[in-house]
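Single-structure report; data block below.
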Amino acid sequence: MEVINTIGRRKTSVARIYMKPGKGEITVNNRSIESYFPFDLHQIVVKQPLTLVNEAEAYDIKINVDGGGIKGQAEAARMAISRALCEINEEHRPALKKEGFLTRDPRMVERKKPGRRKARRRFQFSKR
């Protein structure tokens with residue numbers, strides 16, 4: 001098997017991953033996953049697809065992530081890993097799809113409108 005290259009997105013985050021057979025090492029932007037995502041919950045989110053299909057120690061993954069915040073980056077990486085697992089073995093698809101890892105979450109921040117303080121919030125009304 002050669003290197004599998006996939007992309008995942010969430011909010012404004014974009015994660016590009018390169019997956020190949022290995023010992024289970026995950027690097028994010030040339031740093032270990034523990035140093036890039038210091039909060040355990042984000043590490044668990046990134047590893048969810050691998051633990052779901054029982055292949056946590058089977059692949060080395062290099063993740064390049066850009067844009068957004070920490071949570072969006074973790075969920076973008078999760079989507080990219082799920083897509084790569086489906087590319088490797090099509091039998092993983094039903095389990096990953098059931099958990100919602102293959103679905104692109106379309107929710108984005110609404111843009112600020114002119115004449116408003118935020119996207120929908122108006123300025124305070126003053127009667128006098």
Side-chain angles (χ1 to χ4, degrees):
M1 182 185 99
E2 72 281 350
V3 177
I4 302 291
N5 178 18
T6 57
I7 193 168
R9 291 187 181 93
R10 171 74 169 97
K11 292 189 177 181
T12 56
S13 301
V14 179
R16 295 169 189 86
I17 71 153
Y18 303 93
M19 184 185 281
K20 62 183 178 184
K23 301 180 186 84
E25 295 173 9
I26 300 176
T27 59
V28 184
N29 290 354
N30 297 320
R31 291 162 52 188
S32 69
I33 189 168
E34 289 81 16
S35 69
Y36 193 84
F37 295 118
F39 191 49
D40 290 339
L41 184 66
H42 298 138
Q43 295 174 28
I44 292 166
V45 165
V46 172
K47 295 175 184 175
Q48 270 180 327
L50 296 166
T51 55
L52 183 70
V53 297
N54 299 322
E55 295 192 3
E57 304 297 318
Y59 301 105
D60 286 342
I61 303 170
K62 183 175 180 268
I63 305 171
N64 292 331
V65 72
D66 184 46
I70 298 291
K71 183 173 179 174
Q73 289 182 351
E75 292 184 9
R78 176 176 71 184
M79 182 184 186
I81 291 169
S82 300
R83 285 179 169 178
L85 288 170
C86 287
E87 229 175 275
I88 291 167
N89 188 351
E90 199 62 37
E91 292 172 8
H92 297 319
R93 187 171 180 80
L96 292 168
K97 193 165 179 64
K98 185 179 176 214
E99 291 294 321
F101 296 161
L102 297 173
T103 305
R104 163 69 160 101
D105 195 344
R107 295 176 294 175
M108 300 283 279
V109 176
E110 192 173 339
R111 77 176 192 88
K112 186 195 171 298
K113 314 303 188 304
R116 305 267 174 101
R117 209 164 65 190
K118 291 175 24 180
R120 297 185 179 198
R121 174 79 167 106
R122 291 188 162 88
F123 291 104
Q124 185 172 351
F125 175 73
S126 175
K127 193 166 191 174
R128 288 174 188 82

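Just so it is clear, the model here is predicted, and its values are computed rather than measured. Any value given below was found using the heavy atoms of this structure, including those in side chains, with hydrogens, waters and symmetry copies removed.
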Do [X] and [Y] have side chains that approach each other closer than 4.5 Å (heavy atoms only, starting at C-beta)?
| X | Y | answer |
| --- | --- | --- |
| Glu87 | Ile4 | yes |
| Arg121 | Arg116 | no |
| Met79 | Leu102 | no |
| Arg10 | Arg107 | yes |
| Val14 | Val65 | no |
| Thr27 | Ile33 | no |
| Arg78 | Pro49 | yes |
| Lys62 | Val3 | no |

Looking at [atom1] of [X] and [atom2] of [Y], how far apart are the two atoms once the value is rounded to the nearest 0.5 Å?
| X | Y | atom1 | atom2 | result |
| --- | --- | --- | --- | --- |
| His92 | Phe101 | NE2 | CZ | 13.5 Å |
| Glu25 | Glu57 | CD | CD | 10.0 Å |
| Asp66 | Asn29 | CG | CG | 8.0 Å |

- prompt: Would you call Glu2-Lys20 a salt bridge at under 4.0 Å N-O?
  reply: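 Salt bridge absent between Glu2 and Lys20.
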Which pair of heavy atoms, one from [X] and one from [Y], lies closest together, and at what distance?
| X | Y | answer |
| --- | --- | --- |
| Leu96 | Ser82 | CD1-O, 3.6 Å |
| Ser13 | Gly68 | OG-CA, 3.4 Å |
| Lys113 | Ala119 | CG-O, 3.3 Å |
| Ala77 | Ile63 | CB-CD1, 4.1 Å |
| Ala15 | Ala80 | O-CB, 3.9 Å |

- prompt: Does Arg31 use its side chain to pair, donor to acceptor, with the backbone of Ser35 at less than 3.5 Å?
  reply: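 Checked: pair present.
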query: Can any side-chain N or O of Thr6 pair as donor or acceptor with the backbone N or O of Arg83 at less than 3.5 Å?
result: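 It does not hold such a pair.
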message: Under the criterion side-chain contact (heavy atoms from CB on, under 4.5 Å), I'd like the reasoning laid out for Ile17 against Asn5: C-alpha separation, chi angles, the key distance, then a yes or no.
response: CA-CA 6 Å; Ile17 71 153; Asn5 178 18; 5.8 Å; no
- prompt: When you look at Ile26 and Tyr59, which way does the side-chain contact (heavy atoms from CB on, under 4.5 Å) test go after all the steps?
  reply: CA-CA 8 Å; Ile26 300 176; Tyr59 301 105; over 6 Å; no
What do you reckon, is [atom1] of [X] surrounded by more than 12 foreign heavy atoms closer than 6.0 Å?
| X | atom1 | result |
| --- | --- | --- |
| Glu91 | CD | no |
| Lys97 | NZ | no |
| Arg120 | CZ | no |

query: Can you list the steps and then say if Leu50 with Ile61 is a side-chain contact (heavy atoms from CB on, under 4.5 Å)?
result: CA-CA 11 Å; Leu50 296 166; Ile61 303 170; 3.7 Å; yes
- request: Treating Ile, Leu, Val, Met, Phe, Trp and Tyr as nodes and any side-chain heavy-atom pair under 4.5 angstrom as an edge, say whether Ile70 and Val45 lie in one connected cluster.
  value: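 Ile70 and Val45: separate clusters.
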- prompt: Can you pull the ring pair (Phe, Tyr, Trp, His ring centres under 6.0 Å) pairs that have at least one residue in residues 29-50, sequence neighbours excluded?
  reply: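 Listed by first then second residue: Phe39-His42.
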message: Determine whether Glu99 and Gln48 satisfy the following criterion, side-chain contact (heavy atoms from CB on, under 4.5 Å), listing intermediate values before the conclusion.
response: CA-CA 10 Å; Glu99 291 294 321; Gln48 270 180 327; over 6 Å; no
